[in-house]
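What follows is a set of notes on a single structure, which appears directly below.
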Amino acid sequence: QVQLVDSGGGLVQAGGSLRLSCAASRRTFSSYAMGWFRQAPGKEREFVAAVSWVGGYTYYADSVKGRFGISRDNAKNTLYLQMNNLKPEDTAVYYCAATGSIPKVLNSDREYDYWGQGTQVTVSS
């Protein structure tokens, strides 16, 4: 069974940092791409960052470019999201996701087949 387990969220002051982790089953980790999405209260889920397994291509939403970094540890079957210089508008539930096939694009949640349970990130001003 495919499983993704998110962790690492918490409460942090503006300007601070957090690192999210997503532990994946071996089967999930062999998917074509993995990414992070987030959903704030009253808003739609939005793309944050993604990494393709072939070539390690990374892609970021403009709102986080230069502040967030996505990476993977193949040996540990774990995906990470390093978040620096956090802002109150980054407050959301963050979800990791994995594709089950080659995605057409990396920034659409419709391309992802497997999802973690989410981890809350709260940034105070």
Side-chain angles (χ1 to χ4, degrees):
Q1 185 176 356
V2 173
Q3 285 189 327
L4 300 175
V5 180
D6 308 323
S7 63
L11 173 64
V12 64
Q13 290 187 332
S17 298
L18 283 174
R19 188 177 78 158
L20 305 184
S21 299
C22 175
S25 64
R26 177 170 293 277
R27 181 177 179 180
T28 307
F29 218 67
S30 64
S31 66
Y32 293 94
M34 292 189 73
W36 290 95
F37 289 77
R38 67 187 181 186
Q39 187 167 22
K43 296 187 177 181
E44 293 186 354
R45 185 165 56 191
E46 65 174 359
F47 169 77
V48 176
V51 58
S52 65
W53 254 226
V54 177
Y57 174 77
T58 56
Y59 184 55
Y60 296 94
D62 288 342
S63 59
V64 306
K65 202 172 295 183
R67 299 188 298 122
F68 290 11
I70 189 170
S71 62
R72 67 184 192 263
D73 185 328
N74 292 343
K76 295 182 179 180
N77 290 344
T78 303
L79 180 74
Y80 300 101
L81 183 69
Q82 178 66 44
M83 305 186 295
N84 299 323
N85 190 21
L86 282 160
K87 303 176 181 180
E89 51 264 41
D90 295 318
T91 295
V93 177
Y94 284 70
Y95 300 89
C96 74
T99 67
S101 58
I102 299 175
K104 297 181 179 64
V105 294
L106 291 176
N107 62 344
S108 171
D109 59 1
R110 293 190 296 271
E111 299 289 338
Y112 293 80
D113 301 290
Y114 311 109
W115 293 84
Q117 83 285 0
T119 184
Q120 176 71 47
V121 172
T122 303
V123 184
S124 63
S125 57

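- Distance check: W36 CH2 to T119 OG1 gives 7.5 Å after rounding to the nearest 0.5 Å.
- The heavy-atom pair separating P88 from A14 by the smallest distance is CD-CB, 4.1 Å.
- S71 OG to L81 CG: the interatomic distance, rounded to the nearest 0.5 Å, is 8.5 Å.
- Here CE of M34 is found 12.5 Å from OG of S52. Values are rounded to the nearest 0.5 Å.
- Among residues at least two apart or in separate chains, salt bridge (charged side-chain N to carboxylate O under 4.0 Å, His left out) pairs with a member in residues 83-93 are R38-D90, R67-D90.
- In this structure, the side chain of T91 engages the main chain of V123 through a donor-acceptor pair within 3.5 Å.
- In this structure, L4 and Y114 approach most closely via the heavy-atom pair CD1-O, 3.4 Å.
- A donor-acceptor pair under 3.5 Å links the side-chain atoms of Q117 to the main chain of D6, judged by distance alone.
- Among all heavy-atom pairs drawn from D113 and T99, the shortest one is OD2-C, 3.6 Å.
- Taken to the nearest 0.5 Å, the OH atom of Y94 stands 15.0 Å off from the OG atom of S7.
- Applying the 4.5 Å side-chain rule to ILVMFWY residues, one finds F37, Y57, Y59, V93, Y95, L106, Y112, W115 in the same cluster as F47.
- The shortest distance between side-chain heavy atoms of V12 and M83 does not fall below 4.5 Å.
- The CG atom of L79 sits 8.5 Å away from atom OG of S21, with the distance rounded to the nearest 0.5 Å.
- One N or O on the side chain of E111 and one on the backbone of K104 form a donor-acceptor pair closer than 3.5 Å.
- Alongside Y80, the hydrophobic cluster contains no other residue (criterion: ILVMFWY side chains under 4.5 Å).
- Residue R72 holds its CZ atom at 12.5 Å from OG1 of T78, rounded to the nearest 0.5 Å.
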